[in-house]
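Each remark here refers to the structure printed beneath this line.
Throughout, numbering of the chain's residues begins at 1 and tracks the sequence. Note that ligands are numbered from 1 as they come in the structure, with each ligand's atoms numbered from 1 the same way.
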Amino acid sequence: MIDGYDKVTRPPLNHFNFHLARGDTTLLQMPIYASFEVVRLTEKATQPKIVVTPPGPKARELLKKDADVLSGSVVRWYPLVAESGSGCIVKDVDGNEFIDFNSGLVVLAVGHSHPRVVKAIKEQAEKLIHYSWTDFYYKPIIDFGERLIEITPGTYPKKVFFSNSGAEANEAAMKAARWHTRKPLFLAYTGAFHGRTFATMSLTASKPVQRRHFFPLVPEVTHVPYPYCYRCPFGLKYPECDMWCVDFIEEEVLKKFHPPEDTAAMFIEPIQGEGGYVVPPEDYFQRLKKILDKYGILMVDDEIQSGMGRSGKWFAIEHWGVIPDIITCSKALASGLPIGATISKSEIMDWEGGSHANTFGGNPVACNAGLQVIDIIKEERLLENATRQGTYLMRRLKEMQQKYAIIGDVRGKGLMIGVELVKNAETKEPASDEIIDVMNKCFKRGLAIITAGKSTMRFAPPLIITKELIDAGLNIFEGAVREVSAELK
Ligand SMILES: Cc1ncc(COP(=O)(O)O)c(C=O)c1O
């Protein structure tokens, strides 16, 4: 069916810009193209279904209103106007059904509207929707806290602070680290993404647009190069480099201008997410943790994108066998309901009453959904599925890399896989325009997938993904890569 797609009329390339500029009505004036042969989706869908080239008429109507009503500070990937979702499929308002390889921005680990999560939400909503844990008490938040303590690395006593989002979870980690250590400074990585509140934006260093015109930020954050071996910032090669990037932190940063005695914590992403799905070498974090411990600097492990089974382990840092001091989670925690959690050694959360709180964090409905997410991941053996399907996906992508010079690098763990596109395998010039073309073609053919970094496609389907859906998605992806590669020559 996907091959058949090539035979039907379709919009010219670049027909719409993936970044829908505010007020840009050209998109809305696009003609509607004929649909092509489709397979009806069921719960056990193995193919996407495109009935009208997206955005269809209903979607266009909503896009117009959206541009009038909603803040222009956000960037949309492409005009997917979602109406419903089931499992690994997201359906738009015109009836198109897409295989969801981005899991709603890496949130829907157990898939769209998992029946057990829906039931848990309904049941809790009928009982108690809200009662502010920072002022009173309720059971679901205690239960959920206990479960998070169980599944996070480290057997030491832990405490949990609940909030509403990833940025808030990191914000709490920053405050807890400062409060506990009484030290002002932080370390973070270039390419990092930790959120967009003022404090977390000060850690974030992945795109200028995220900081432009917002200065001054929270001072005293130093960024060091992420171990991005495909594009080593030091121009070295692993393993001959002997990981100079770790020693650099000690020799050139801590010993020269960023006194460890004043450094509260270092924020890490075990697999850099927004920065391009970058995976550090095998023994990297062990070496880093040793240095941090030597100087009494806390390691804050941001698992907001990589956690809750995405990498085939509950938390990606487990691949390195390192036990962080603080872990932050959000996104997949409650399969779509807003919640953030900051889990730390008990001794770190020694802050006094009133020093940090919020109204809505750890909402009982979200906690009840989160409890189900943990049970589902266990009972449906989703860590195993993430590893199994991730291995298969990686193998297929590596095979593609042999066929298409535009695929410069394939890397990842479990179902967190990045495919970096380059214009030239030698110079590694990022194929930034080409990747947008690939992404837009995928979208029009029924695959919802997004990019990361300068030119990396991120593969992050729900952990319940099947081989059949991976194959269907990859057929679409390969078709798009083939066409874009041919145009590049
Ligand atoms: C690693 C990481 N940390 C923090 C955040 C911020 O989370 P939120 O958007 O919920 O504030 C994100 C979001 O993409 C993320 O990927």
Side-chain angles (χ1 to χ4, degrees), residues 71 73-77 102-109 161-175 177 186-207 209-211 214 217-218 221 223 226 228 265-280 285 299-311 314-317 319 324 326-343 358 360-363 366 369-370 412-418 449-453 456 458-460:
S71 159
S73 59
V74 298
V75 175
R76 268 61 177 270
W77 297 98
N102 78 76
S103 302
L105 253 295
V106 203
V107 165
L108 302 157
F161 179 89
F162 279 104
S163 53
N164 300 283
S165 67
E168 276 185 77
N170 283 333
E171 186 100 17
M174 287 179 90
K175 285 181 69 175
F186 292 102
L187 289 167
Y189 285 112
T190 53
F193 190 88
H194 296 292
R196 297 171 199 253
T197 57
F198 262 103
T200 58
M201 181 174 45
S202 315
L203 301 170
T204 290
S206 100
K207 290 194 182 98
V209 67
Q210 292 154 352
R211 297 170 142 227
F214 292 124
L217 308 180
V218 172
V221 178
H223 291 88
Y226 197 78
Y228 191 170
M266 175 159 185
F267 276 72
I268 64 146
E269 287 168 88
I271 298 175
Q272 201 166 63
E274 305 302 304
Y277 275 35
V278 185
V279 186
F285 286 116
M299 178 187 267
V300 181
D301 174 26
D302 179 339
E303 296 270 2
I304 287 158
Q305 188 150 173
S306 56
M308 301 307 286
R310 167 105 345 247
S311 73
W314 279 108
F315 297 95
I317 195 68
H319 288 282
I326 303 181
I327 293 186
T328 57
C329 311
S330 184
K331 286 196 184 281
L333 258 189
S335 203
L337 291 198
I339 188 163
T342 308
I343 304 124
N358 54 45
F360 287 115
N363 166 278
K413 294 211 180 275
L415 286 169
M416 186 167 186
I417 299 177
I449 190 165
I450 59 175
T451 70
T456 297
R458 59 174 127 174
F459 288 75

Give every donor-acceptor pair under 3.5 Å between a side-chain atom in residues 102-109 and any protein atom, sequence neighbours left out.
unit_1 : atom_1 : unit_2 : atom_2 : d
N102   : OD1    : G104   : N      : 2.9
N102   : OD1    : L105   : N      : 2.8
N102   : ND2    : D100   : OD1    : 3.3
S103   : OG     : A460   : O      : 2.6
S103   : OG     : P461   : O      : 3.4

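Residues passing the side chain to side chain contact (heavy atoms under 4.5 Å, CB included) test with K413, sequence neighbours excluded: I271, V279, S311, H319, W320. Not a single ring pair (Phe, Tyr, Trp, His ring centres under 6.0 Å) links Y277 to another residue, sequence neighbours left out.
Using a 4.0 Å heavy-atom criterion, the residues that approach ligand 1 are S165, G166, A167, N170, F193, H194, G195, E269, E274, D302, I304, Q305, K331.
When only modelled atom types and interatomic distance are considered, T200 and E171 share no side-chain donor-acceptor pair under 3.5 Å.
Here the side chain of H223 pairs a donor or acceptor atom with the backbone of L203 at under 3.5 angstrom.
Using a 4.0 Å cut-off between charged side-chain N and carboxylate O, E274 and R458 make a salt bridge.
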